[in-house]
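On a predicted model such as this, the values are computed, not experimentally measured, just so you know.
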Amino acid sequence: QVQLVESGGGLVQAGDSLRLSCAFSGGTFNDYAMGWFRQAPGKPREFVATISWHGGTTKYTDSVLGRFTISRDNSKNTVYLQMNNLKLEDTAVYFCAADGTSFDMVLEDFASWGQGTQVTVSS
């Protein structure tokens with residue numbers, strides 16, 4: 001029922017910035033904690049960032065602290081991931097996800113997922 005559509009990925013140079021967007025539909029947006037995950041080739045999907053129902057609290061994986069910012073606009077049913085100072089190791093497919101039950105970093109708690117958007121960082 002909940003549908004998530006990511007956009008904003010692309011090919012960028014190391015040190016560049018990129019903003020990902022995720023459009024939410026099919027539910028009450030502010031009932032869901034929202035998250036971003038990523039999956040690089042040959043690696044498991046990993047947590048990147050999450051934001052609470054009204055945006056008051058955020059959590060990040062250590063490798064993106066100080067570089068990435070998750071935000072949400074509940075009037076637009078949209079969650080964003082601002083990525084600054086991109087590094088080669090940030091290359092991955094980035095997935096938007098929704099958690100209607102809890103606010104945490106546990107992949108299994110996110111019941112709804114987008115299709116992903118590719119972010120490729122080159123030197």
Please list, one pair per line, the donor and acceptor atoms closer than 3.5 Å that link side chains of residues 8-34 to other protein atoms, with sequence neighbours excluded.
residue, atom, partner, partner atom, Å
Gln13, NE2, Ser122, OG, 3.1
Asp16, OD2, Gln13, N, 3.1
Ser17, OG, Asn84, OD1, 2.9

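- Remark: Arg45 engages no residue in a salt bridge (Lys or Arg N to Asp or Glu O under 4.0 Å) (not counting sequence neighbours).
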Apply side-chain contact (heavy atoms from CB on, under 4.5 Å) to the pair Arg67 and Asp90, showing each step before the final yes or no.
-> CA-CA 11 Å; Arg67 299 189 298 119; Asp90 295 320; 2.7 Å; yes
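- Pairs engaging residues 27-60 under the disulfide bond (SG atoms under 2.5 Å apart) rule: none recorded [sequence neighbours left out].
- Side chains of Glu89 and Thr91: a donor-acceptor N/O pair is absent below 3.5 angstrom, by distance only.
- Through direct or relayed side-chain contacts under 4.5 Å between Ile, Leu, Val, Met, Phe, Trp and Tyr, Phe47 connects to Phe37, Val93, Phe95, Met105, Leu107, Phe110, Trp113.
- Residue pairs meeting the salt bridge (charged side-chain N to carboxylate O under 4.0 Å, His left out) criterion with at least one partner in residues 112-123, sequence neighbours excluded, are absent.
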Identify every side-chain donor-acceptor pair in residues 54-64 under 3.5 Å, counting partners at least two apart or on other chains, and give the distances.
residue, atom, partner, partner atom, Å
Tyr60, OH, Ile70, N, 2.9
Ser63, OG, Arg38, NH2, 3.3

Worked check of side-chain contact (heavy atoms from CB on, under 4.5 Å) between Leu4 and Gln115 = CA-CA 8 Å; Leu4 304 171; Gln115 293 296 310; over 6 Å; no
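- Within the structure, the disulfide bond (SG atoms under 2.5 Å apart) test picks out no pair touching residues 27-71 (sequence neighbours left out).
- Residues in residues 31-71 take part in no disulfide bond (SG atoms under 2.5 Å apart) pair, two or more places apart or across chains.
- Applying the side-chain hydrogen bond (donor to acceptor under 3.5 Å, both in side chains) criterion to Gln3, with sequence neighbours excluded, gives no partner residue.
- Considering all non-hydrogen atoms of both residues, Ala40 and Ala92 come closest at N-CB, 3.8 Å.
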Test Val79 against Trp36 for side-chain contact (heavy atoms from CB on, under 4.5 Å), laying out the working first.
-> CA-CA 9 Å; Val79 62; Trp36 288 95; 3.9 Å; yes
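- Residues passing the side-chain contact (heavy atoms from CB on, under 4.5 Å) test with Val106, sequence neighbours excluded: Asp104, Glu108, Asp109.
- Residue pairs meeting the disulfide bond (SG atoms under 2.5 Å apart) criterion with at least one partner in residues 34-77, sequence neighbours excluded, do not occur; the list is empty.
- Looking at residues two or more places apart in sequence or on another chain, you find a side-chain contact (heavy atoms from CB on, under 4.5 Å) between Lys76 and Asp73, Thr78, Tyr80.
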